[in-house]
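What follows is one structure encoded as structure tokens, with my remarks underneath.
Letters A, B, ... mirror the listed sequences (proteins, then strands); counts begin at 1.
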Amino acid sequence: MYSNELIKGTLKTIVLKLLSENGKMYGYEMTQKVKELTDGKIIITEGALYPLLHKLEADGLLITEKVPIGKRVRKYYSLTDQGSSSASEKIAEFLDYMKTMKFILQGDNGLALG
Amino acid sequence: MVSLSDNQIDTIHDLLLGRGITLDSLRFDLLDHVCCMVEEKMETGVNFQLALKDSIQQFGEDGLHKTQEATLSLLNSKSIIMKKISAVLGIISSVLACAGGLFKIMHWPGANVLLLSGIVGIVFLYLPMLIIVKFRETESTLLKFSYVAGLFGAMVNGLGALFKLMHFPGANFLIITSLLIIGLIFMPIYFTHAVRLAENKLSNLAFAGVLLVALFLLYGLTGAGNSSTMSDSVYVMHQNLMDEIDRAQTERKEAFAGLPGNDLSLKTEKLLDYISGFRTHAIMMSQNVPEEEARDMNIRNMYWGTGIKGLHRMLDEHPQYNPGTLRKRLQNWQAQAAEYGLANQLCCEPVQGPEGELSWEEAHFGHSCTILSLVSFLDQLQLEINQKSLHLAWQIRYQKGASQTASDTIVQAS
């Protein structure tokens, strides 16, 4: 289980990646999917997920589709065109960032890191 | 695969509402989410009640509510600055409006300017900004409609107050329309749909009442209680009187121009100066305005309170202006005018009132008079003096055997 701080900073990238892989998903499905993919190492809390989903929707990166299931409504989220390009940007940026972090943290690179 | 019954879904829905999840789209998400959690737990054989309790506990004590707050603050990060600006504007405007109300009650100068800027600030700056912020926070079309209706009602109300203040016609219509819009459209929708928590309903109802009373008060303050149709006809009548005075004054001066050095001409001029000085000072004292403003003040711009406020102060500060002196000067002038043949005297006689005979002073300057009646009386007096002396002037010129044209005019005039 990683610290909240790390998850908070990467949640947006995770959500965008999930949706670009799986098309449309609903909130609960996302939390389960991430849990499954990471063997429970990353747990997305509802308290962080839904505010983000609503923000991304308001910014025009996501659209929702409401499907009634019995007496309740399930909201499926999917990427808009803008969301798709934002997803690839975010993912590329993050991969690059990880490379840089690795470079810094592995030490053996000429940087005076102890 | 366990599937929740409609009743169970309703239970969860009510629980979310009870925890204050008022944002519709978020509630849909959370309802589905909690349902999924509960269903998963029930798969393992747990009963509904326990599964629900367990799921809610997973959110933490305030978890549900915090989720909504986090959503709102993420969504509204742009409008936070706007919210602050509108709050500051709202505070400044309401302070101005309150100060205006106080000034109005105390008859201090500047009341209308304060009230006006307060009303304009609230109605045309604060409310529109508030509505924009609210619009971003709500999804329900019905509520959005109620906000538009509320804003429109408030604007019409502000406009009505403005009209009242400036004594434009149609103020009452605007104010009644606005109260109908706010009372019948905005409030019913807003207070039944925006507030879903039962415990807030009562306090919101009280708030609605206070709001309506405030609107009525605003109306009362700005209108100062004058009925508009009644006052409009009084303004028109008084304006006619003022026009007549102007006309008579010019004609009198022209007539006396043919009689250089006539002592009645001088005396008349002095008496009229005195009366207009009396009028100006009475207005100054009752309306608390400087002399220059009082001189040209029409009754349209006056506050009509009962009793001649400030008359006693006037007597103290300007003892030359009192009813006794006025009566003496009028009588002196009449004595002079009688020498030139003035037949019917100005009325300095006692007046028959509804409760018996009143002395001339009591009838025109007494406690039942208003500044309006005093000003009208003095104006009436000015008109009569002008007309009488105009008549006398022609009579004198005629007796003196003045030019043929002058006597022709008199023949024509009579």
Side-chain angles (χ1 to χ4, degrees), chain A residues 1 4-5 7-16 18-19 22 24-36 40 42-78 80 83 86, chain B residues 1-17 19 21-41 43 55-79 135-139:
Chain A
M1 179 78 194
N4 274 341
E5 224 171 283
I7 295 177
K8 212 175 168 187
T10 53
L11 186 57
K12 186 172 171 182
T13 317
I14 294 174
V15 167
L16 290 175
L18 273 180
L19 289 174
N22 299 293
K24 59 178 192 177
M25 293 177 92
Y26 57 97
Y28 186 74
E29 191 184 2
M30 290 183 207
T31 60
Q32 296 308 103
K33 186 88 186 169
V34 172
K35 203 160 131 189
E36 184 192 313
I42 293 180
I43 305 270
I44 299 179
T45 60
E46 307 74 27
L49 177 65
Y50 289 109
L52 177 72
L53 288 175
H54 282 247
K55 171 73 175 160
L56 292 177
E57 188 190 357
D59 289 348
L61 300 184
L62 303 184
I63 43 165
T64 58
E65 187 191 333
K66 288 179 185 151
V67 178
I69 298 186
K71 230 194 157 179
R72 67 197 211 232
V73 175
R74 178 161 290 169
K75 277 170 71 188
Y76 282 97
Y77 291 86
S78 52
T80 60
S86 176
Chain B
M1 175 88 193
V2 177
S3 189
L4 295 178
S5 71
D6 283 359
N7 272 344
Q8 289 169 328
I9 294 175
D10 278 342
T11 308
I12 299 175
H13 184 260
D14 290 348
L15 187 137
L16 290 175
L17 268 183
R19 297 266 174 140
I21 309 299
T22 48
L23 210 63
D24 288 338
S25 64
L26 181 66
R27 204 170 56 247
F28 289 145
D29 279 324
L30 289 176
L31 178 62
D32 184 42
H33 194 98
V34 175
C35 286
C36 288
M37 286 166 92
V38 171
E39 279 168 355
E40 204 187 72
K41 284 183 209 301
E43 295 275 335
S55 306
I56 296 297
Q57 259 169 10
Q58 240 170 286
F59 276 88
E61 183 54 32
D62 263 352
L64 283 167
H65 196 249
K66 275 190 183 144
T67 305
Q68 172 164 281
E69 275 178 9
T71 308
L72 282 176
S73 77
L74 261 184
L75 288 179
N76 300 320
S77 51
K78 270 184 218 155
S79 53
F135 245 71
R136 289 191 186 156
E137 287 177 10
T138 35
E139 295 181 341

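Each of B/Leu31, B/Asp6, B/Ile12 was compared with A/Arg72 under the side-chain contact (heavy atoms from CB on, under 4.5 Å) criterion, and only B/Leu31 meets it.
Between A/Pro51 and B/Thr67, the closest heavy-atom pair is CG-O, 3.6 Å. Shown here for A/Val73 and B/Asp32, the closest heavy-atom pair between the two residues is O-CB, 3.8 Å. Nearest heavy atoms, B/Ala70 versus A/Gly47: CB-O, 4.4 Å.
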Inset, instruction - Check step by step if side chain to side chain contact (heavy atoms under 4.5 Å, CB included) holds for A/His54 and B/Leu26. - result: CA-CA 8 Å; A/His54 282 247; B/Leu26 181 66; 3.8 Å; yes
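In this structure, the side chains of A/Arg74 and B/Cys35 stay at 4.5 Å or more apart for every pair of heavy atoms.
The distance from atom OG of B/Ser25 to atom CD of A/Glu57, rounded to the nearest 0.5 Å, is 6.5 Å. Taken to the nearest 0.5 Å, the OG1 atom of A/Thr31 stands 4.5 Å off from the NE2 atom of B/His33. To the nearest 0.5 Å, the span separating CG on B/Asp29 from OH on A/Tyr50 amounts to 5.5 Å.
If you measure heavy-atom distances from B/Glu69 to chain A, you find no contacts under 4.5 Å at all. Neither the backbone nor the side chain of A/Tyr76 comes within contact range of chain B, judged by heavy atoms closer than 4.5 Å.
Between the side chain of A/Lys71 and the main chain of B/Asp10, no donor-acceptor pair closer than 3.5 Å is present.
Comparing B/Met37, B/Lys66, B/His13 by how many heavy-atom pairs each has under 4.5 Å with chain A, the most go to B/Met37.
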